Amino acid sequence: MTVAGVPRHDAEDLDPVRISEQQFERALCHIRGIKRGLIDFLRKPKRVTIVNFPIELDDGSVESFQGYRVVHNRVFGPGKGGIRFHPDVTLDEVTFLARLMTWKCALVNLPFGGAKGGVVCDSKKLSEKELRRITRRFTSELYDVIGPHKDIPAPDLYSSEQTMAWIFDTYDVLHPGYNNRPVVTGKPIEMGGSYGRHEATGTGCMFATKRFLSRGLIPDRQEIAGASVTIQGFGEVGSMAARAFFREGARIIAVSDSKGGIYCEHGLDPVAVEAFKTEHATVVGMADTLTITNAELLELECDILVLAAVENQINAGNAGNIKARLVVEGANGPTTPLADNTLLERGIPVLPDIVANAGGVTVSYYEWLQNQANEQWEYGQVMDRLRDRMFAAVDAVFDRWQSFVVGEVEAPAAKVLPEGGRELPDLRTVALIIAIEPVSYTHLTLPTTCTPCRSRGGGG
Ligand code: GLU
């Protein structure tokens, strides 16, 4: 997937599966005692569902659509993850994102495994009626693949509250007589959605950044107030992150969408930008702003750069030009492994996706809990819980990272370099270590056969 105008380095491998493989390998180097067979298992998805279905379009023609749902792991509970609607969706991409969800849920300590789904379609070119037909048919094709205790979809790229309402309704019609509300999260409030879910990912980015700064990640910038912030992507995540950073006293100097970016040195008012975007379908052209390209936006001098668009935005082609002091991954996979290396060498920390954007799935979990108890928590209660969980995840990553920095961890956990120093892992690798460890240790404590010994009177 592309955002117009972002440079690429021809030699760089941008295949999402191979990228996730490299990140996984980096983390594995630091995990002791993990068994080879288990590594092979964790590499692969647990279950892949591919469906094809025909849909009649508004003009009477019929088009065939392909959809995927992948569950990567279920050791901590049902699969959890979004469903995206985009022309570039591939099975590989969905598989990589499902695995990312496993690590994300483990990192924030949610009782879910990782899953992801997608339909190959260009939602911008489809009418609402066509999208509804596609969503309903996709849901009925999935039928029992999803379920409140099996696999729980949520919004993702170009899917919305409305999409979740259609999924819920279709599933509910197919499974009468049950409380089916927890089958999908990110629903409208009236259908059992949670207060705060809509802004959870963007606000969670702010909470994660706030905690990392207060822990001294950048010694001379310990708070968000007064920081200059640039945001790539002004969809649900980017616009809500803009609001959250603005409320904390940051200056939002630039934002962008797929059509380009706008810059204002004195700072933009996120609510005014949202109103402009609602009217004009882009942020470009807003009064008193300078129009810039997405490539220029990424390379602006600022304290915090929030990446809230799509994958591979900071790559080998532009990592050397990034002038932000801190990069925050609101989207999944926006920084490539080569860019990670360059940013690490240049002393620019990256708050990785599995920490920075975990707010969305965290409030999804709260929605799932509310649905099972038929409760509706107040907005403040949801936000307090979100903040506490984000802070706890950041603390876990920061503490573990510090154990490398101060040299508490022995080699090979922190590789000793020939000149006597230690090669420190970046925050992504540390976050992955913390996430992979409990998943793998839990697998090792489970029986390796599926025969229920006790039911046969065979003991343990
Ligand atoms: N699509 C979001 C993510 O990638 C949210 C998933 C969810 O709420 O289940 O984290």
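One-based numbering, in listed order, for ligands and for the atoms of each. Predicted model, so just to flag it, every value in this text is computed and none were measured. Both backbone and side-chain heavy atoms feed into the values below; hydrogens, waters and symmetry mates do not.
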| query | Which is closest to atom 10 (O) of ligand 1 in terms of heavy atoms, Arg84, Lys104, Lys80? | reply | Lys104
| query | Run the side chain to side chain contact (heavy atoms under 4.5 Å, CB included) check on Thr335 and Leu343 step by step: do they pass? | reply | CA-CA 10 Å; Thr335 314; Leu343 294 175; 4.1 Å; yes
| message | Can you name the atoms of ligand 1, numbered from 1 with element, that are less than 4.0 Å from a heavy atom of Ser364? | response | 7 (C), 8 (O), 9 (O)
| Does Pro155 come within less than 4.0 Å of ligand 1, judged by its heavy atoms? | yes
| Sub-4.0 Å atoms of ligand 1 with respect to non-hydrogen atoms of Asn332 | 4 (O)
| query | Which pair of non-hydrogen atoms, one from Thr95 and one from Leu91, has the smallest distance, and what is that distance? | reply | OG1-O, 2.6 Å
| Element-labelled atoms of ligand 1 that are located less than 4.0 Å from some non-hydrogen atom of Ala154 | 6 (C), 7 (C), 8 (O), 9 (O)
| remark: Correct closest heavy-atom pair for Lys259 and Thr282 would be CB-OG1, 3.7 Å
| request: State the atoms of ligand 1, each with its element, that fall below the 4.0 Å cut-off from a heavy-atom position in Met101. | output: 3 (C), 4 (O), 6 (C), 10 (O)
| request: Can you see which heavy atom on Leu338 is nearest to which on Ala316, and at what distance? | output: CD1-CB, 3.9 Å
| request: Please work out whether any backbone atom (N, CA, C, O) or any side-chain heavy atom from C-beta onward of Arg197 is under 4.0 Å from ligand 1, and answer side chain, backbone, both or neither. | output: side chain
| task | Output, in order, the C-alpha distance, side-chain angles, deciding distance and verdict of side chain to side chain donor-acceptor pair (under 3.5 Å) for Tyr366 and Arg389. | result | CA-CA 11 Å; Tyr366 298 152; Arg389 208 172 268 263; 3.2 Å; yes
| Enumerated ligand 1 atoms positioned under 4.0 Å from heavy atoms of Lys116 | 1 (N), 3 (C), 4 (O)
| Which of the ligand 1 atoms, numbered from 1, are nearer than 4.0 Å to a heavy atom of Gly360 | 8 (O)
| Over all atoms of both residues, closest heavy-atom pair of Thr170 and Trp166 | OG1-O, 2.7 Å
| remark: The closest protein heavy-atom partner of atom 1 (N) of ligand 1 is Asp156 OD1, 2.7 Å
| said: Can you confirm whether more than 12 heavy atoms, excluding those of Lys44, are under 6.0 Å from its NZ atom? | reply: no
